[in-house]
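Contents: one structure, followed by commentary.
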There are 2 protein chains.
Amino acid sequence: MRQTKSLNKLVKVFEETEFAISVVSLVKRFKSEMSKTTVYRILERLEKKNVIHSFIGKDGERWVAKLQQAYPSHVERHPHFQCKTCGNMECVPFDFNLPTIKGYEVEAANLVLIGTCEQCL
Amino acid sequence: MRQTKSLNKLVKVFEETEFAISVVSLVKRFKSEMSKTTVYRILERLEKKNVIHSFIGKDGERWVAKLQQAYPSHVERHPHFQCKTCGNMECVPFDFNLPTIKGYEVEAANLVLIGTCEQCL
DNA sequence: AAAGTAATGCAACTCAGGTGCAATAGCAAA
DNA sequence: TTTGCTATTGCACCTGAGTTGCATTACTTT
């Protein structure tokens with residue numbers, strides 16, 4: 001993966017926050033610095049390299065966030081929590097207590113919780 | 001809510017299956033019988049009247065399924081399970097074991113599990 | 001410094017979903 | 001049954017996220 005200016009700008013964003021970020025907001029934020037095509041393609045590369053992971057919000061919007069190796073199950077099935085008040089989307093650093101369904105095999109998950117966060121309560 | 005032919009056709013679909021159905025597939029299925037605008041608007045009405053509920057799949061697509069009063073928590077936060085092999089999307093009739101996060105208040109959820117179902121294993 | 005090729009920008013496209021408006025058809029009252 | 005009200009529909013058009021092809025640019029390696 002080549003070390004381009006656009007790549008570094010995006011990587012820096014993920015280094016500076018624990019929150020997930022909506023892809024649309026990234027495109028807007030860097031509108032004057034790179035094309036939306038570039039944003040989408042860089043995110044694709046970063047996800048393939050396991051630098052970030054992505055998931056779908058409650059209205060079908062895509063979100064991205066850095067991968068935190070601290071949590072072993074971070075890759076495939078940890079939930080995300082979005083606060084209705086402040087809009088922040090957090091990775092929930094808990095292993096998910098999936099009801100094991102007899103005979104079913106769960107491989108991945110897209111789990112979004114909506115509510116009010118600690119700060120906003 | 002007026003008893004129109006289009007409405008009855010869609011209601012019948014939900015009466016005849018326990019599975020969730022993607023909105024796109026409904027639009028395709030009734031292409032020759034009603035306009036997509038009508039499909040979207042009827043689904044909107046049915047959801048408002050609590051005849052069906054909707055949620056977002058792993059790729060951001062909208063799905064709809066009938067509400068089953070049998071399960072008390074059916075409305076807001078039961079999970080859905082999509083089989084990678086047959087493509088069927090099922091409502092998981094279990095109460096969800098959400099990790100209660102101290103200080104956080106969960107109001108709703110969009111929970112999609114992906115894997116292999118009983119039939120396809 | 002040169003060359004190979006990964007990455008970018010741009011324009012054009014796809015596809016889900018929504019909107020405004022005129023035409024149609026349930027439904028209720030007469 | 002007929003009339004009138006208005007909910008519902010169809011159509012054309014729009015919006016916005018995401019993708020693609022291709023020519024150009026700029027990393028990286030030798």
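In what follows, chains carry the letters A, B, and so on, assigned in the order in which the sequence lines appear, proteins first and then strands, with residues in each chain numbered from 1. Scope of the values below: all heavy atoms of this structure, side chains included, with no hydrogens, waters or symmetry mates.
- Of all nucleotides listed (C:dG26, D:dG10, C:dA6), D:dG10 comes nearest to the side chain of B:Thr38.
- With hydrogens and angles ignored, the 3.5 Å screen pairs a side-chain donor or acceptor of A:Asn110 with a backbone N or O of A:Ile56.
- Among the candidates B:Leu10, B:Leu26, B:Asn8, the single residue satisfying the side chain to side chain contact (heavy atoms under 4.5 Å, CB included) test with B:Ile42 is B:Leu10.
- Note on B:Lys5 versus B:Glu33: no salt bridge recorded, every NZ/NE/NH1/NH2 to OD/OE distance being 4.0 Å or above.
- With hydrogens and angles left out, the side chain of B:Arg41 and the base of D:dT8 share no donor-acceptor pair within 3.5 Å.
- To the nearest angstrom, C1' of D:dT28 lies 14 Å from CG of A:Leu7.
- Within the nucleic acid shown, B:Thr37 comes within 4.0 Å of at least one base atom, counting heavy atoms only.
- Contact annotation: A:Thr4 side-chain N/O to C:dT8 OP1/OP2 distance is under 4.0 Å.
- Backbone-only contact: B:Val24 has heavy atoms under 4.0 Å from sugar-phosphate atoms and none from a base.
- Taking the six-membered ring where tryptophan is involved, the planes of A:Phe81 and B:Tyr104 are perpendicular, since the angle between them exceeds 60° and thus also 30°.
- Taking the side chain of B:Lys36 as heavy atoms from C-beta on, and the options C:dG9, C:dC27, C:dG18, the nearest nucleotide is C:dG18.
- Here the side chain of B:Arg45 is nearest to one of D:dG10, D:dG18, D:dT9, namely D:dT9.
- At the phosphate of D:dG18, OP1 or OP2 sits under 4.0 Å from a side-chain N or O atom of A:Tyr40.
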